[in-house]
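Below, chain A is the first sequence line, B the second, and so on; all start at residue 1.
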2 protein chains.
Amino acid sequence: MSKTYTISDLAREFDVTTRTLRHYEDQGLVTPTRDGINRIFSHRDRVRLKLALRGKRLGFSLNEIRELFQLYDLAHDDRRQLEEFAVKLERRRAQLEQQREDVEIMLNEINFFAGQCQRLLTESGREKPVTT
Amino acid sequence: MSKTYTISDLAREFDVTTRTLRHYEDQGLVTPTRDGINRIFSHRDRVRLKLALRGKRLGFSLNEIRELFQLYDLAHDDRRQLEEFAVKLERRRAQLEQQREDVEIMLNEINFFAGQCQRLLTESGREKPVTT
DNA sequence: CATTGCTTTTACGTAAACGTCAATTCTGGT
DNA sequence: ACCAGAATTGACGTTTACGTAAAAGCAATG
């Protein structure tokens, strides 16, 4: 008997609304069982939610995320599915490597601009010195 | 007299539709001049487009991107604007560092799964050997 | 000069990812 | 028994980022 979560447990923990969790169920990203009418989320659901939110931060759509989940679930037996999975993983990898590059470039730019800002701010600070 | 571009020049180069470029003009991301009725994009527009598309790949909204452009344009004189700019840069930096971490995690996962796939595929390849 | 090709504006359409009621229902506590 | 605080299911609304179709204007080319 492993740990379970209510909808608001997960909502709190991951800082999303309950609406979001219901929506993710509709989209097949999580598959909570029921206690009567109430949703019960498993540890697996929690993991999937975490993965989904990471995917989202990286700009993936819920469809893409679900597709990966499905392929991961199905790809164990079927060879065709497995090959398809491998292909999609390659695409993702390429995309992620592009993204890694983008992140580095932007971080460099931001560091540069932040430096400029600091310079300008401290300069104008000296022009108009504080009374302390 | 520096180089200029037509709408389809840029569309081709960056692999977007002309509709997208018009939309970006509406949103104030690019500011082409006119030759009669036709748009003429400058080098500056090209740079901004490139920045905008990088921002998009990282999941930023057009609003956020435009905001950064505006702040960058205005932040040279006004100290308040400059401080605001610095604050927003910090937020972006935090977000990008989160994203960098996300990318690394996902790349590791993908590498792991891709490895599994290869293993399974070559295994099943041996079970059913090719006739060559 | 007619066609082809690229451009324009206007304007409605759409998919994704939830937000936001509304109307109930359930449950724990007093 | 009763009330407050979560939970539920619809179902319509909203924002973003374009897609798409329609109607029209220039420009070169055969």
Side-chain angles (χ1 to χ4, degrees), chain A residues 3-42 45-46 48-70 88 92 95 99 102, chain B residues 3-42 45-46 48-70 88 92 95 99 102:
Chain A
K3 193 169 183 185
T4 63
Y5 312 85
T6 72
I7 193 168
S8 48
D9 284 344
L10 290 185
R12 257 189 304 276
E13 178 175 0
F14 291 98
D15 194 32
V16 296
T17 66
T18 57
R19 177 69 178 88
T20 298
L21 287 171
R22 293 193 193 98
H23 184 56
Y24 285 7
E25 182 185 12
D26 289 345
Q27 300 301 309
L29 299 185
V30 292
T31 54
T33 57
R34 298 301 171 117
D35 167 27
I37 201 181
N38 288 0
R39 271 164 261 253
I40 301 210
F41 294 83
S42 67
D45 289 320
R46 208 190 84 111
R48 298 232 147 168
L49 177 57
K50 192 183 228 165
L51 290 173
L53 293 177
R54 177 151 59 224
K56 279 221 64 194
R57 286 196 302 271
L58 293 174
F60 300 160
S61 73
L62 299 188
N63 272 329
E64 296 174 304
I65 294 167
R66 187 198 40 202
E67 214 180 6
L68 282 180
F69 286 176
Q70 285 176 353
K88 300 213 171 180
R92 289 244 158 277
Q95 186 184 343
Q99 213 161 349
D102 288 336
Chain B
K3 193 168 184 186
T4 63
Y5 312 85
T6 72
I7 192 168
S8 48
D9 284 344
L10 289 186
R12 255 189 306 277
E13 178 175 359
F14 291 99
D15 195 31
V16 297
T17 66
T18 57
R19 177 68 179 89
T20 298
L21 287 170
R22 295 194 191 97
H23 184 56
Y24 285 6
E25 183 185 12
D26 290 345
Q27 300 301 307
L29 299 185
V30 293
T31 55
T33 58
R34 299 297 172 121
D35 166 27
I37 199 179
N38 287 2
R39 270 164 263 252
I40 301 212
F41 293 84
S42 67
D45 289 320
R46 208 189 84 110
R48 298 231 148 169
L49 177 57
K50 193 183 226 166
L51 290 173
L53 293 177
R54 177 150 60 223
K56 277 219 65 195
R57 284 198 301 272
L58 293 175
F60 300 161
S61 74
L62 299 187
N63 272 331
E64 295 174 306
I65 293 167
R66 188 196 40 200
E67 214 181 6
L68 282 178
F69 286 174
Q70 286 177 350
K88 299 213 174 185
R92 289 243 158 279
Q95 185 184 342
Q99 214 161 350
D102 287 336

Undergrad: Using whole Å, what does the distance between atom C1' of nucleotide C:dC26 and atom CD1 of A:I40 come to?
TA: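 Taking CD1 of A:I40 and C1' of C:dC26, I get 14 Å after rounding.
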Undergrad: Using only atom types and a distance under 3.5 Å, with no angle test, would you say the side chain of A:Q99 pairs donor to acceptor with the backbone of A:L58?
TA: yes
Undergrad: What are the 5'-most and 3'-most nucleotides of DNA chain D lying under 4.0 Å from any heavy atom of chain A?
TA: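 So the contact region on DNA chain D extends D:dA6 to D:dA11.
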Undergrad: Would you mind reading off the distance between B:D26 atom CG and C:dT10 atom C1', rounded to a whole angstrom?
TA: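 B:D26 atom CG is separated from C:dT10 atom C1' by 11 Å.
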Undergrad: Taking DNA chain C as the partner, which of residues 4-18 of chain B come within under 4.0 angstrom of it by heavy atom?
TA: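 Close to the strand are B:T6, B:I7, B:S8.
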Undergrad: With distance as the sole test, does A:D45 use its side chain to make a donor-acceptor pair with the main-chain N or O of A:S42 at under 3.5 Å?
TA: yes
Undergrad: Treating B:T6 as the side-chain partner and B:D9 as the backbone partner, does any N or O pair qualify as donor plus acceptor under 3.5 Å?
TA: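 Looks like yes, one N/O pair under 3.5 Å.
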Undergrad: Are B:D15 and B:R12 ion-paired here, with the side-chain N under 4.0 Å from a carboxylate O?
TA: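 Looking at B:D15 and B:R12, the cut-off is not met.
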Undergrad: Roughly how many Å is it from CG in B:D35 to P in C:dT7, rounded to a whole number?
TA: 12 Å
Undergrad: Which whole-number value in Å describes the distance from A:I37 CD1 to C:dT24 C1'?
TA: 9 Å
Undergrad: To the nearest Å, give me how far apart CZ (A:R22) and P (C:dC21) are.
TA: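 Result: 15 Å.
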Undergrad: Quick one: is B:R34 getting a side-chain N or O under 4.0 Å of the C:dT9 phosphate, OP1 or OP2?
TA: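 Indeed, a polar side-chain atom of B:R34 lies that close.
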Undergrad: If you find the nucleotide of DNA chain D closest to B:N63 and the one closest to B:R19, which residue's nucleotide is nearer the 5' end?
TA: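 Of the two residues, B:N63 wins.
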Undergrad: To the nearest Å, give me how far apart CD1 (A:I65) and P (C:dA16) are.
TA: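 Nearest whole value for this atom pair: 13 Å.
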Undergrad: Nearest-nucleotide wise, let me know which of A:H23 and B:F41 is further upstream toward the 5' end of DNA chain C.
TA: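 Closest to the 5' end, via its nearest nucleotide, is B:F41.
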Undergrad: State plainly whether the residues B:R66 and B:E25 are in salt-bridge range, i.e. N to O under 4.0 Å.
TA: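 The answer is no: the pair does not qualify as a salt bridge.
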Undergrad: With the side chain counted from C-beta on, respond yes when B:L29 and B:R48 share a heavy-atom pair under 4.5 Å apart, and no when they do not.
TA: no
Undergrad: Just verifying a value: how many Å separate B:R19 CZ and B:I7 CD1, rounded to the nearest 0.5 Å?
TA: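 These two atoms lie 10.0 Å from each other.
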Undergrad: In terms of the nearest nucleotide of DNA chain C, which residue is placed more toward the 5' end: A:Q27 or B:N38?
TA: B:N38
Undergrad: Indicate yes or no: does A:K88 engage A:E64 in a salt bridge with an N to O separation below 4.0 Å.
TA: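 No salt bridge links A:K88 with A:E64.
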Undergrad: With side chains defined as the heavy atoms from C-beta onward, is the minimum distance between B:L51 and B:I65 less than 4.5 Å?
TA: no
